[in-house]
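Everything below concerns the one structure shown next.
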Amino acid sequence: MSQAPCHHCGEEIPKNLAIQSEIDSNFVDFCCYGCQAIAEFINGADLSNYYQHRTEKAHSALDKAPQDNQFSLIKETELYPLYVFVDNDTHHIQISLKGMTCAACAWLIENRLKQLDGVDSIHINLSTSLASLEWQPKEIDIIDIAKEIRFLGYQGNPYRADQTDIEMKQAKKTAIIRLGIAGVGMMQVMMSAIAIYAGDIQGMQQSFKLLLSWASFIFATPVVLFSALPFFKAAIRDLKTRHFTMDLPVSLGIGLAYVSSIYSMLSGTGHVYFDSVTMFTFFLLLGRFLEEAARHKSYSNNRNQQELSSAWLIQGDNQTEIPLSKVKTGDVIAIKSGENIPVDGIITKGSTCIDESSLTGEYLPITKCEGQKVVAQTINVEQNIEIKVTAIGKQTRAAAIERLTDRALSEKPKIAKIADNVAHYFVILVLACATLTFIGWTIAGSEDAYWIMISVLVVTCPCALSLATPVALTSATNKLKELGLLVTRGHVIESLARCQHIAFDKTGTLTHGQFEIHHIESDDQDHCLQIACALESGSIHPIAKAFKRTSHYSAEDLTNHTGLGVEGTINSVRYRLGNLKFVSTWANDITETSFAGLTLYLVQENKGLIGTVFLQDRLRPHSLEALIDLRKNKIQVSLLTGDTKESALSVLSPDNFDHYKCQMSPEEKWEWLNSQNNKSNILMVGDGLNDVPSLAGANTSIAMATSSDLAKVHADAVLINSHIETINLAIKLAKKCQLIIKQNLFWAAFYNTIMLPAAIMGFVPAWAAAIGMALSSLLVALNASRLSK
Amino acid sequence: MESLYLLIPIAAIFVFIAVGIFTWAVKKDQFEDLDREGQRILFEEDDNDKA
């Protein structure tokens, strides 16, 4: 029986799981209690329209990272005025939101918050994922507002713009104005141009032609002088660095056509090309604008994380909460159960389990006791501990990874774009041809030498050539976004097409990165599961996530035994759930079952074994099929995991991979990528902090939607729908795009080869050159539009 | 056809006014959110939010 996917997040529902709710008088299924709680909350608030309006599924509640409440920190410290603007009784704050997937999410949050008393206004900007909120602190606490956001399944953090954000915002505004002016200018010039072309064919008074030329000139001037400015600036940079990119022929084309059009308008001879100039500028700007917009979107607004972290400083018997920036080496701080560890340190009191998955990829927490080291960016999942700080900020292990990332980035191979390579030789060729033509005709004594040279330049005008690549890339980028891959760097599509080898991280990339119940061995499986769920209900250990379902029982006196298991009382009977060592004190006749994964034993005091629960990390749906498909298409796949071999083997067999590497540190991953001989054709797919150097250093990289922010910023593309098979589709599309680019370039080259000699010989009148150029650009654009089908 | 001498400049003035309004709108943050506004009309607005 195939089950419907989760009502809230659209994930596949694990077998034997029945979480149902009645929503709008229909019974619907969920993949986890998190999703159910969110859906019920939304329904309860009369906002279930969300489900009808949304165009993208929500993120699964299973993928949520643990979080600390940053609002309580700003509320209680001197940071408040930095984040909150106070106007009498009304306070104003900006909140950066995580987890929004489409316009319906913004609608949902706005409408929920508007229902609350004390919220004056709320406006959400979907492009930047920022909410601006005005509220009355006398009536409602900001912490409660943040809680409401969390109930809806999103995460909100206080936000304030830093210098880079302000500059980025300004740059975006300028880009929109440039694009708008180019668009309007193009349309106006086109109208006059059509009249002029018609006049050339059926005859027109010179005075009207002059009028229309002047009109074109007036509309084209702002386009050239303002909208096209970025191309000219880049061309000047190219000249200085002696590395020619497409910007140089583009600028030459725009500049020369514009200047010669003015000349011909004033002298009343020749032809005006204002229409070509404006259209050309508009299309190129549009391509660049879309690329920029995608890149900005993938950066989340989280630069002020550091400032908003806090720590509990221990002085004698007192604990005080202080901003992290005030913590010094040598201080002793308390790390509560469930908290992120913000610094490197040594445990001075207590023992606990640490989730180091963000650094190593190992998703099973590691037991640490007094005297052992803990590192920043990991999570304390069991007992409260105290640590002595050994390194802060830039000195921590996590910061070392960031430095490694910077190095990897600087060594990233420069991707030679096809168009730029072509451009380099093309510019030299065109300029040489034009100059020789001019010299030749002058020597031959022709008065038309200048006009013939202009014809040569216009005929060879790099319009079709420089449009050939960008239009195809723009259309492929849009299509990829529909498929679920957000491209943030321009070279991605070209390198995807060349991809021969994909290196995957395991935890969080191919798998969900958390445990789930594989099967239960017991006489009464349901009873066993119910007891286990009750016992685990108080634990924040990653194992407990597998048991997040409601139980008939409620457990008392729950105790976590670090690195062993949990113990508790249900209906005055004591139970233990944990590893063999932990339960063997109560039942010493248990034989160990071999299982690739994690085995938990449930025993009852004075009675013995009740059942055995087998846990495994869960593969993302269709990951395996996607890997097989990739290999069918002759693409090598490798696994690079920081996890131990046993835990890797438990979910993925080496048969599915060409290379199978375990227990790799972030450095080793990057070095391994570098050591491969076809490294320019490798694609890296990862999510965690430990993948960041490889993501940054790899020729092409894709980060998962649930990745750390650092991973997303350094990857070349983000897999928004988290489906591995999308990569396969993307590669296919990239190959098709490559084919279309080649067809376009071939056409441009073919056209030039035919027309250039004719133009040099003076056979092509200027108007024919202009029409030919426009038609050939149109052909190129239409060909590219085939990609979006 | 001589009317063109008048009509084209008038059209030009309108275009410049339109561009001026557009620029003003961009500077007033009207184009901040390019993803959402197009879909806003699809959502029902409840005016009696505060229950």
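In what follows, chains are A, B, ... by sequence order, proteins preceding strands, each numbered from 1.
When heavy atoms are compared at a cutoff of 4.5 Å, F16(B) approaches chain A solely by way of its side chain, counted from C-beta outward. For F219(A), the part sitting under 4.5 Å from any heavy atom of chain B is the side chain, from C-beta outward, and nothing else. Both the backbone and the side chain of S207(A) come within less than 4.5 Å of a heavy atom of chain B. With a 4.5 Å cut-off on non-hydrogen atoms, L211(A) touches chain B through its side chain but not through its backbone. Contacts of I124(A) with chain B are made by both backbone and side-chain atoms, with heavy-atom separations under 4.5 Å. Looking at V26(B), both its backbone and its side chain come within 4.5 Å of chain A, counting heavy atoms on both sides.
Residues I176(A) and F22(B) are in side-chain contact: their nearest non-hydrogen atoms beyond the backbone lie under 4.5 Å apart. Side-chain contact between D29(B) and K173(A) is present, with at least one heavy-atom pair separated by less than 4.5 Å.
K169(A) contributes atom NZ, which lies 4.5 Å from atom CD of E32(B) (distance to the nearest 0.5 angstrom).
Residues of residues 6-13 of chain B placed with any heavy atom under 4.5 Å of a heavy atom in chain A are listed by number as I8(B), A12(B).
Heavy-atom minimum distance, F31(B) versus K172(A): O-NZ, 4.3 Å.
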